Amino acid sequence: MPPTIILVRHAQALHNVDRDYTLHDPELSELGRKECAKLKEHLVLRIPRDLDVGLIIVSPMKRTLETALLAFGELIDRGIPIIAHAGWQETSSKPCDVGTSLTSLPSLFPQVDFSHVDPVFPDKTSPAGVFYSHSRRAILDRGQAVLRELRERPEKAVIVVSHSGFLRHAVTGNYYMNADYRIYDFVDGHLDDGAVNGDDAVVLRQWEETRKGGMGWSWEETLPLGHELQDYDDWTVDDAGNATGKERDVTKV
């Protein structure tokens, strides 16, 4: 039986404060650390009473790593493993969404298992990093790939700490404010929103109690996967991290 998944957005990071997206792999702000304390108080008390969590997966970005350790450190101390996974990183190639070298991260976050991180990380712009590129097709494909992988996990429940853009555009269609979370189950069904192949798509059903976010901080609106994302043929990335190129007819992909 597939696990229940708790999808968490990182707490406020330094680039969120003034929307300074030129900051490279920013850490949490002071407010973000306080948000982690509130998230811990709200969610950890329910584990394992309501949610039998057996694994924590985290995007290998500093803000997600810090959120996971501050909010869920008690679970890690109980023996729940935490692994970093490049598939859950943010979508864009702006400096704020490009990670730190894997040679540095293990010493900064020794509690986290980095052994499974794709060695191409943090590359998003070369041919080797095309799976993580900032294009509609790549983002949607990555969302389905990580969901298929997660669906096969043996744990009863899994926490994933990720990013608002990736979670909204590629995974659920829902908004996530900083340090908020939503809970989903995998279900059989057909996804007919035009973004992914409906017959093969992984389908999630959200718990009613998190329709406005588990913390109550997020919008209830749901958007189609890939909403407003563009796709490109022969795309390139400029110095600002923006994808440019011949726009593809996204109604055909």
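In this text, all values refer to a predicted model and were calculated from it rather than measured experimentally.
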How far apart are the closest heavy atoms of Ala157 and Ile6, and which atoms are they?
CB-CD1, 4.2 Å
Hydrophobic cluster (4.5 angstrom, side-chain heavy atoms) - remaining members for Val98
none
Beyond-backbone contact of Arg168 with Arg9, side-chain heavy atoms, under 4.5 angstrom:
no
Donor-acceptor contact present, side-chain Lys156 to main-chain Gly54, <3.5 Å
no
ILVMFWY cluster, Met177 and Ile183 together (side-chain gap under 4.5 Å):
yes
Would you name the heavy atoms of Tyr176 and Ser164 that are closest together and state the gap between them?
O-CB, 3.7 Å
The remaining residues in the hydrophobic cluster of Leu14, counting side-chain heavy-atom contacts under 4.5 Å among Ile, Leu, Val, Met, Phe, Trp and Tyr, are Leu23
Counting N and O atoms only, with roles assigned by atom type, does the side chain of Thr172 sit under 3.5 Å from a partner on the main chain of Leu167, one being a donor and the other an acceptor?
yes
Other than Phe131, what residues sit in its cluster of Ile, Leu, Val, Met, Phe, Trp and Tyr side chains whose heavy atoms are under 4.5 Å apart, directly or through others?
Val120, Tyr132
Do the side chain of Thr64 and the main chain of His10 share a donor and acceptor less than 3.5 angstrom apart?
no
For Arg63, which residues count as a salt bridge (charged side-chain N to carboxylate O under 4.0 Å, His left out) partner, sequence neighbours excluded?
Asp97
Find out whether Ile159 and Ile80 are in side-chain contact, i.e. whether some heavy atom of one side chain is under 4.5 Å from a heavy atom of the other.
no
Closest non-hydrogen contact found for Ala138 with Val130 is CB-O, 3.8 Å
Pairwise distance CE(Met61) to NE2(His163) - rounded to 0.5 angstrom
5.5 Å
Please enumerate all residues that pass side chain to side chain donor-acceptor pair (under 3.5 Å) together with Gln111, with sequence neighbours excluded.
none
same_hphob_cluster(Ile139, Tyr21) at 4.5 Å side-chain heavy-atom cutoff
no
Any salt bridge (charged side-chain N to carboxylate O under 4.0 Å, His left out) involving residues 67-84? Give me the pairs, sequence neighbours left out, ordered by first then second residue.
Glu74-Arg78
Quick one, Arg153 and Leu150 - any side-chain contact, counting heavy atoms below 4.5 Å?
yes
Can you name the residues that form a side chain to side chain donor-acceptor pair (under 3.5 Å) with Asp52, not counting sequence neighbours?
none
Which heavy-atom pair separates His15 from Pro26 by the least distance, and what is that distance?
ND1-CG, 3.3 Å
Straight-line distance of Arg182 CZ to Lys212 NZ, nearest 0.5 Å
11.0 Å
Quick one: sort the Trp219 and Tyr175 rings into parallel, tilted or perpendicular, breaks at 30° and 60°.
perpendicular
Do you know which two heavy atoms are closest between Glu155 and Pro3, and how far apart they sit?
O-CB, 3.0 Å
For Thr222, enumerate each residue passing the side chain to side chain donor-acceptor pair (under 3.5 Å) test, keeping only those at least two apart in sequence or located in another chain.
Asn174
On a heavy-atom basis, which atom in Leu140 and which in Gly226 lie closest, and how many Å separate them?
CD2-N, 3.7 Å
Does the side chain of Val146 reach to within under 4.5 Å of the side chain of Phe166, using non-hydrogen atoms?
yes
Tell me, with the steps shown, if His169 and Thr91 meet side-chain hydrogen bond (donor to acceptor under 3.5 Å, both in side chains).
CA-CA 9 Å; His169 288 305; Thr91 59; over 6 Å; no
Name all residues meeting the side-chain contact (heavy atoms from CB on, under 4.5 Å) criterion together with Thr100; count only those two or more places apart in sequence or in a different chain, and write none if there are none.
His24, Asp25, Lys62, Ser104, Leu105
How about Phe186 and Leu204: do any of their side-chain heavy atoms sit closer than 4.5 Å?
yes
How does the hydrophobic cluster around Leu28 look, that is, which other residues are in it when side-chain heavy atoms under 4.5 Å mark a link?
Leu70
Excluding sequence neighbours, so at least two apart, what forms salt bridge (charged side-chain N to carboxylate O under 4.0 Å, His left out) with Glu27?
none
Do Trp88 and Val58 come close enough that some side-chain heavy atom pair is under 4.5 Å?
no
Point-to-point distance, once rounded to the nearest 0.5 Å, from CG of Leu147 to CD1 of Ile5
6.0 Å
Please enumerate all residues that pass side chain to side chain donor-acceptor pair (under 3.5 Å) together with Ser107, with sequence neighbours excluded.
none
For the atom pair SG (Cys36) and CG (Leu69), what is the distance rounded to the nearest 0.5 Å?
9.5 Å
Report the C-alpha separation of Phe109 and Ile82 in whole Å, then their side-chain angles, then the decisive distance to 0.1 Å, and conclude whether the side-chain contact (heavy atoms from CB on, under 4.5 Å) test is met.
CA-CA 11 Å; Phe109 303 96; Ile82 176 169; over 6 Å; no
Rounded to the nearest 0.5 Å, how far does CG of Asp118 lie from CG of Asp123?
9.5 Å
Would you check if Lys34 and Gln12 make a side-chain contact, meaning some heavy-atom pair closer than 4.5 Å?
no
Tell me whether Val17 is reachable from Trp217 by hopping between hydrophobic residues (I, L, V, M, F, W, Y) whose side-chain heavy atoms are closer than 4.5 Å.
no
How about Asp180 and Met215: do any of their side-chain heavy atoms sit closer than 4.5 Å?
yes
